[in-house]
Amino acid sequence: MVFARRSIVGLSAPETRGRRSLALGLAVMGITVAFWSASGRAGEIGFVEEFALAEDREAALAKLVPGTEEYFYFHALHRLNTERYAEVEPLLTDWVKAHGETPRVWEIRSRRALLSYAKDPQGSIAYLERRLGVSYPHERIVPGAEPQLPTALDAALVSAEAFAARAQAHAPGTLEGYEDAALDRLCEEAGALDPVRRRQLLSRLARPDHAGLEALIAADLDTPDSGGFGSLPIHRLLSVVQLDGLAGLKPELVDHPAFVAAMLQKLQPGADDDWRSAPGVKRAYLDRLKAFTDRLGPVHNSLKAHVRYHLLALDLTEGKWNK
């Protein structure tokens, strides 16, 4: 290598080429020697070679430390080599308890399945199917053969009653087994629900367009453990017509603060109505408020006075003087 770095200035062309060839050869030889030296050190296989070349492998196995994975691996390998397949399973059991399901454990299992095929072909095939995830579910199609499977769906299995029975069996006494798609049907059959399931139904409703909703809410409010009006989200989603219908079923709700707040919100003009700048829209809004507040008791006198004040103020802007 030192020679390869020396100056070749002043040499003839043939001498120069010869010196370069010699330097290149020495460099390749040095790299090759270094490679084989490193490979020799990295390729030391230790007990594997001793076990493979030993005339008495039982004596070689005695050198291993009991309980180590090397001990289990080579003892299992020796039993496979000597066709003592029945002795491998107890060894594998202790091996897994000591070291878990290691790659070498699966290697021994696969070796045993392949080597013992002649004695237990079905066991080997079953192992390989599980290990490789192999399945053959396809069946041969025979033209003209009579079908052995049903060709029509049993309506009793997919009826609403069948689904309801499975849902009740899944979670007795609750509606946890029902999906949201069943809520419409449950509202129609709510008369058969007990108070607990009726409240569960009301708590899951996200739209106020179910038939008989006012009667359901009124019945729930009559139960002793009801949270009162406003305790469920569906209460705040009722329309003005539905709120009036609920008040007809339970007149005492008219003065309930949550009921009054829900009604005042529903009486507001739409988002596209500029009631502050349009006197006609504003008067219609105030007339709706006055009609509602006239139904309220004295406890809401301040609200009544507030509505009448704005009506008088609107009259003044239009040149009307109400005595």
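Atom set for the values below is all heavy atoms of this structure, side chains included, hydrogens, waters and symmetry mates excluded. Nothing fancy with the numbering, it's 1 onward along the sequence.
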Task: Beyond-backbone contact of D287 with L311, side-chain heavy atoms, under 4.5 angstrom - done: yes
Open item on the list: What I'd like to find out is whether the side chain of F74 reaches to under 4.5 Å of the side chain of V48, using heavy atoms alone.
Closed with: yes
- [ ] Kindly say whether L213 contributes a backbone atom to a donor-acceptor pair with the side chain of Q242 at under 3.5 angstrom?
- [x] no
Task: Check: Y178 and L183 side chains under 4.5 Å, non-hydrogen atoms - done: no
Open item on the list: Using a strict threshold of under 4.0 Å (side-chain N to carboxylate O), is an ion pair present between R308 and D294?
Closed with: yes
Task: Side chain R57, main chain A52, donor-acceptor under 3.5 Å - done: yes
TODO: Could you tell me whether a side-chain N or O of H300 sits under 3.5 Å from a main-chain N or O of D255, the two making a donor and an acceptor?
DONE: yes
Open item on the list: Please tell me whether T102 and R104 have a donor and an acceptor in their side chains that are separated by less than 3.5 angstrom.
Closed with: no
TODO: Give a yes or no answer on whether the side chain of S231 reaches the backbone of G228 with a donor-acceptor pair at less than 3.5 Å.
DONE: yes
Task: Whether F72 and W95 hold their rings parallel, tilted or perpendicular, with breakpoints at 30° and 60° - done: parallel
Open item on the list: According to a hydrophobic-cluster definition based on side-chain heavy atoms being under 4.5 Å apart (Ile, Leu, Val, Met, Phe, Trp, Tyr only), do F259 and V240 belong together?
Closed with: yes
Open item on the list: Return the CD1 to NE2 distance between I234 and H210, rounded to the nearest 0.5 Å.
Closed with: 6.5 Å
Task: In one Ile/Leu/Val/Met/Phe/Trp/Tyr side-chain cluster, 4.5 Å: L115, Y127 - done: no
Open item on the list: I'd like to know if the side chain of N81 reaches the main chain of L77, judged simply by a donor and an acceptor atom lying under 3.5 Å from each other, with no hydrogens or angles considered.
Closed with: yes
Task: Nearest-0.5 Å distance, CZ of residue F47 to OH of residue Y73 - done: 11.5 Å
- [ ] Say whether, by atom type as modelled, one donor and one acceptor occur between the side chain of R197 and the main chain of G173 under 3.5 angstrom.
- [x] no
Open item on the list: Same cluster or not: L249 versus L237, using hydrophobic residues (I, L, V, M, F, W, Y) connected whenever any side-chain heavy atoms lie under 4.5 Å apart?
Closed with: no
TODO: Walk me through it: do D184 and R207 pass the test salt bridge (charged side-chain N to carboxylate O under 4.0 Å, His left out)?
DONE: CA-CA 10 Å; D184 288 334; R207 306 187 321 271; 3.7 Å; yes
Open item on the list: Taking the side chain as everything from C-beta on, heavy atoms only, tell me whether L128 gets closer than 4.5 Å to I125.
Closed with: no
Open item on the list: Whether the side chain of N301 engages the backbone of P298 through a donor-acceptor N/O pair (distance < 3.5 Å, no angle test) should be reported.
Closed with: yes
TODO: Please examine the side chains of L303 and L289, heavy atoms only from C-beta on, and report whether any two atoms are closer than 4.5 Å.
DONE: no
Task: Beyond-backbone contact of I217 with L221, side-chain heavy atoms, under 4.5 angstrom - done: yes
Task: Distance-only side-chain donor-acceptor flag, T223 / R199, under 3.5 Å - done: yes
Open item on the list: Can a donor-acceptor pair be found, under 3.5 Å and without considering hydrogens, that links the side chain of K250 to the backbone of D222?
Closed with: no
Task: Any donor-acceptor pair under 3.5 Å from T68 side chain to V65 backbone - done: yes
TODO: For the residue pair Y71 and H75, categorise the inter-ring angle as parallel (less than 30°), tilted (30 to 60°) or perpendicular (more than 60°).
DONE: tilted
Task: N/O donor-acceptor pair under 3.5 Å between S159 side chain and A162 backbone - done: yes
Task: Ring geometry between H235 and F229 (parallel below 30°, tilted from 30 to 60°, perpendicular above 60°) - done: parallel
Task: With sequence neighbours excluded, residues passing side chain to side chain contact (heavy atoms under 4.5 Å, CB included) with R185 - done: A160, E161, E189
